[in-house]
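Have a look at the structure that comes next, please.
Note on naming: letters A, B, ... go to the chains in the order of the sequence lines (proteins, then strands), and numbering restarts at 1 for each one.
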Amino acid sequence: MIKRRKDELTELRSRGIETFAYEFDITSNSKKIKDEFVDDEKKEVKIAGRIMALRKMGKASFAHIQDEFGRIQIYLRKDDIKEQYTAFKLMDIGDIIGVEGYTFKTKTGEISVHVTNLTLLTKSLRPLPISKETVDEEGNIVIHDQFADIELRYRQRYVDLIVNPEVRDVFVLRSKITSAMRRFLEDNGYLEVETPILQPLYGGAAAKPFVTHHNALDTELYLRIADELYLKRLIVGGFNGVFEISKDFRNEGMDKTHNPEFTMMELYVPFKDYNWMMSFVEKMILNICENVFGKTKFNYDGMNIDFAPKWKRVSMIEAIEQKTGVNVLNADEKTLKDTAKKLGCDISEINGKAKLIDEIFSIAIQPELIEPSFVIDYPVELSPLAKKHRNIEGVVERFEGYVAGREICNAFSELNDPIDQKKRFDEQARFKAEGDEEAHQIDNDFIRALEYGMPPTAGLGIGIDRLVMLLTNQTSIRDVIFFPQMKNITK
RNA sequence: GGGCGCGUAGCUCAGUGGUAGAGCAUCUGCCUUUUAAGCAGAGGGUCGGUGGUUCGAUACCACCCGCGCUCACCA
């Protein structure tokens with residue numbers, strides 16, 4: 001099949017036709033033509049696009065070409081374009097062409113372009129897995145033989161984007177969401193910064209890192225699992241609010257909500273605490289919903305969600321107590337284990353009160369948090385970088401945002417007491433010694449930074465991929481990442 | 001990593017212990033308002049890979065590769 005197309009390419013070239021042109025100026029596009037069409041007005045247009053459907057008939061032909069905004073029909077007649085028509089007969093579905101012509105409406109009422117000049121822009125050598133569309137009695141578009149192999153769609157996203165236009169829409173929305181978020185953060189006076197991806201120590205989250213090696217320094221480096229510790233160093237340095245939108249990397253399993261590399265937004269604002277941050281998150285999400293979607297009510301996987309403030313606030317400890325009757329802060333480890341077992345958790349590999357509490361929470365409470373909610377005040381052992389609660393013993397000033405039973409953000413009043421921070425790191429080191437692979441590393445330079453003094457600071461992390469999933473109603477993270485991680489195949 | 005399922009033409013899929021089929025796509029011819037264009041004809045497959053059972057395997061068995069669902073893991 002590819003050979004046949006190469007033969008066509010040779011034939012076109014022998015006629016002096018450029019098969020990979022250099023440029024083409026356009027004056028319109030498929031959508032604009034349809035939007036601005038007025039009956040009986042022959043408007044001159046120049047458009048370019050990929051041939052997606054072809055109906056060649058002797059001395060006249062119809063085709064649909066597709067550009068970024070959709071498809072439009074073109075009409076070509078031998079009488080009009082002479083020898084270009086002969087060349088057109090050597091063109092295929094998949095070829096990219098530029099056409100000049102005037103708009104009109106066919107007998108059957110389809111707005112089309114009557115071509116007066118045809119230019120081949122790119123000859124396509126590989127056949128597209130093209131599908132066909134029909135319209136049923138109720139006006140629904142029925143797609144036949146759609147390119148549907150999930151594996152191939154991810155591996156060859158370029159093909160997916162050509163033949164499944166709704167895929168493009170999700171990624172356009174993704175871009176608009178990050179763009180709206182960035183604008184909102186900038187409008188609030190915060191500075192977008194970049195910090196190291198290659199780090200000699202990893203930190204800021206509980207996760208296993210990817211390890212790499214720097215040859216010249218002959219040293220191990222880690223791909224960051226979070227931006228946190230560097231951004232807080234910048235707050236020490238005196239910036240009045242910094243944020244970073246970038247990839248983090250975690251060396252863990254992959255599933256519908258986890259990709260080894262994913263996009264995180266982290267924000268640190270001095271002189272603020274987690275209460276302030278909660279309302280800031282509400283405002284930011286509201287802003288994105290309104291600016292990108294013009295609404296606050298969404299449906300996600302059958303669940304109705306309204307992002308309008310004010311989100312529910314739920315104390316983690318109180319929520320568990322209400323549900324199970326156990327106050328997990330005061331309970332001993334045995335009570336926690338019994339509670340967890342009663343809920344059906346497999347606790348054979350869970351050690352320590354904090355992790356048990358976390359497990360109980362994820363089983364008993366998390367799935368019920370459908371409407372946007374903040375879960376507040378976490379056990380101190382789970383949060384080595386968060387500040388102790390000003391009133392409640394044993395917990396930190398931390399919240400996580402949950403929507404549709406999924407975590408979408410994590411934030412706290414940042415721990416800025418270097419002596420306490422040192423203690424927390426030491427505690428994490430003990431966990432590590434006891435076999436917790438994800439315990440935090442000790443970062444002495446970070447402690448040194450805190451010793452110079454970091455103002456009281458509120459910090460936030462939002463998983464962009466998961467936020468985009470929620471707002472675009474996608475249930476797999478792979479559908480909001482252009483090139484999700486796949487196993488290598490040697491072919 | 002465990003369990004279940006899947007892998008047949010470019011795409012979507014049927015199929016059988018006797019060496020493979022459909023529609024669309026492709027190619028040839030006809031066709032100047034078609035639209036899943038039409039009509040007439042044609043080509044196209046190491047049936048995911050490697051072994052095994054068998055006279056004979058795409059089918060049965062084992063292993064491997066890849067994918068999906070799910071569980072585990074995972075702030």
Checklist entry - For A/His114 and A/Tyr154, take the nucleotide of RNA chain B holding the closest heavy atom to each; which residue's nucleotide lies nearer the 5' end? => result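 Going by which nucleotide is closer to the 5' end, it is A/His114.
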Next on the checklist: Looking at B/rC11, which nucleotide sits across from it as a Watson-Crick or G-U wobble partner, both distances under 3.5 angstrom, or is there none?
Outcome noted: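 The base-pairing partner of B/rC11, which may sit in any strand shown, is B/rG23.
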Next on the checklist: For B/rA37 and A/Arg55 - does any side-chain N or O of the residue sit under 4.0 Å from the phosphate oxygens OP1/OP2?
Outcome noted: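 So the side chain of A/Arg55 is within the cut-off, an N or O lying under 4.0 Å from OP1 or OP2 of B/rA37.
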Item to check | side-chain N/O A/Lys132 vs B/rA25 OP1/OP2, d < 4.0 Å | outcome: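 The answer is yes; a side-chain N or O of A/Lys132 sits under 4.0 Å from OP1 or OP2.
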Checklist entry - What interatomic distance, in whole Å, is found between P of B/rC4 and the corresponding atom of B/rA75? => result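 One P to the other, the span is 29 Å.
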Checklist entry - How do A/Met91 and A/Ile150 order along RNA chain B: which one's closest nucleotide is nearer the 5' end? => result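 Looking at the nearest nucleotide for each, A/Met91 comes out on the 5' side.
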Checklist entry - Using the P atom in both, what is the distance from B/rA42 to B/rC6, to the nearest Å? => result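 My reading of the P atoms in B/rA42 and B/rC6 gives 36 Å.
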Item to check | Nucleotide forming a Watson-Crick or wobble pair with B/rG45, both distances under 3.5 Å | outcome: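 Its partner is none (no Watson-Crick or G-U wobble pair with both distances under 3.5 Å).
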Next on the checklist: From C-beta outward on A/Lys256, which listed nucleotide comes closest to its side chain: B/rU34, B/rC11, B/rC69?
Outcome noted: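 Selected nucleotide (nearest to the side chain): B/rC69.
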Next on the checklist: Counting the atoms with a prime plus P, OP1 and OP2 as sugar-phosphate, which does A/Asp149 contact under 4.0 Å by heavy atoms, base, sugar-phosphate, or nothing?
Outcome noted: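 Contact class for A/Asp149: sugar-phosphate only.
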Checklist entry - With respect to the side chain of A/Lys487, which nucleotide from B/rC67, B/rA75, B/rU32 is positioned closest? => result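 Looking only at heavy atoms from C-beta outward on A/Lys487, the closest nucleotide is B/rC67.
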Checklist entry - Does the side chain of A/Asn117 pick up a donor-acceptor pair with the side chain of A/Gln84 at under 3.5 Å? => result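 Looking only at side-chain atoms, A/Gln84 and A/Asn117 do form a donor-acceptor pair, the distance falling under 3.5 Å.
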Item to check | Side chain proximity check, A/Ile408 to A/Leu470, heavy atoms < 4.5 angstrom | outcome: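 Side chain of A/Ile408 against side chain of A/Leu470, heavy atoms only: contact under 4.5 Å found.
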Checklist entry - What is the nucleic acid contact for A/Glu438, judged by heavy atoms within less than 4.0 Å: base, sugar-phosphate only, or nothing? => result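 Sugar-phosphate: the residue A/Glu438, judged by heavy atoms under 4.0 Å, touches backbone atoms but no base.
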Checklist entry - Looking only at atom C1', what distance separates B/rG44 and B/rG21, rounded to whole Å? => result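 So the two C1' atoms sit 13 Å from each other.
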Checklist entry - Quick one: CD1 on A/Ile74 to NE2 on A/His64, what's the gap to the nearest 0.5 Å? => result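 So the gap between those two atoms works out to 9.5 Å.
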Next on the checklist: If you take the centroid of each ring, where Trp contributes its six-membered ring, are A/Tyr274 and A/Phe412 closer together than 6.0 Å?
Outcome noted: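 No, too far apart.
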Item to check | Residue A/Arg478, side-chain heavy atoms: nucleotide from B/rU34, B/rC67, B/rA75 that is nearest | outcome: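 That would be B/rC67.
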Item to check | Glycosidic conformation of B/rU58, taking syn as within 90° of 0 and anti otherwise | outcome: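 This nucleotide is in anti.
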Checklist entry - Are the ring of A/His144 and the six-membered base ring of B/rA36 within the stacking cut-offs of under 5.5 Å and under 30°? => result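 A stacking contact exists, since A/His144 sits close and nearly parallel to the base ring of B/rA36.
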Item to check | Nucleotide nearest A/Phe104 (side chain, heavy atoms from C-beta), chosen from B/rG68, B/rA75, B/rU33 | outcome: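 Nearest to the side-chain atoms of A/Phe104, counting from C-beta on, is B/rU33.
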Next on the checklist: Nearest 0.5 angstrom please: A/Asp479 CG to A/Lys256 NZ, how far?
Outcome noted: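 Output value for this atom pair is 9.5 Å.
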Checklist entry - Does the cation-pi check pass for A/Lys56 over A/Phe88, that is, NZ or CZ under 6.0 Å from the six-membered ring centre and within 45° of its axis? => result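 The answer is yes; both the distance and angle limits are met.
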Next on the checklist: Using the side-chain heavy atoms of A/Ala206, tell me which of these nucleotides is nearest: B/rU33, B/rA75, B/rA25.
Outcome noted: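 Nucleotide nearest to A/Ala206's side chain: B/rA75.
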Checklist entry - Using a cut-off of 4.0 Å on non-hydrogen atoms, how would the nucleic acid contact of A/Gln146 be classed: base, sugar-phosphate, or nothing? => result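 Sugar-phosphate, backbone atoms only, no base.
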Checklist entry - Touch check for A/Asp92, heavy atoms < 4.0 angstrom, all strands: base, sugar-phosphate only, or nothing? => result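 Result for A/Asp92 = sugar-phosphate.
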Checklist entry - What does B/rA72 pair with, Watson-Crick or G-U, if both distances are under 3.5 Å? => result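 Because no pair has both required distances under 3.5 Å, B/rA72 counts as unpaired.
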Next on the checklist: From C-beta outward on A/Arg155, which listed nucleotide comes closest to its side chain: B/rC67, B/rC69, B/rU34?
Outcome noted: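 Output: B/rC67.
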Next on the checklist: Students often get this wrong, so: under 4.0 angstrom with heavy atoms, is A/Ala53 touching a base, only sugar-phosphate, or nothing?
Outcome noted: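 It contacts nothing in the nucleic acid.
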Checklist entry - Contact class for A/Gln366 vs. all strands (heavy atom < 4.0 Å): base, sugar-phosphate, or nothing? => result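 Contact class for A/Gln366: none.
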Checklist entry - In Watson-Crick or G-U wobble terms, both distances under 3.5 Å, what is the partner of B/rU50? => result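 For B/rU50, the partner nucleotide comes out as B/rA62, under the 3.5 Å rule.
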Next on the checklist: Counting the atoms with a prime plus P, OP1 and OP2 as sugar-phosphate, which does A/Lys105 contact under 4.0 Å by heavy atoms, base, sugar-phosphate, or nothing?
Outcome noted: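 It contacts nothing in the nucleic acid.
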Item to check | Distance between P atoms of B/rA9 and B/rA20 (Å, rounded) | outcome: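 Going atom to atom, P in each nucleotide, I get 14 Å.
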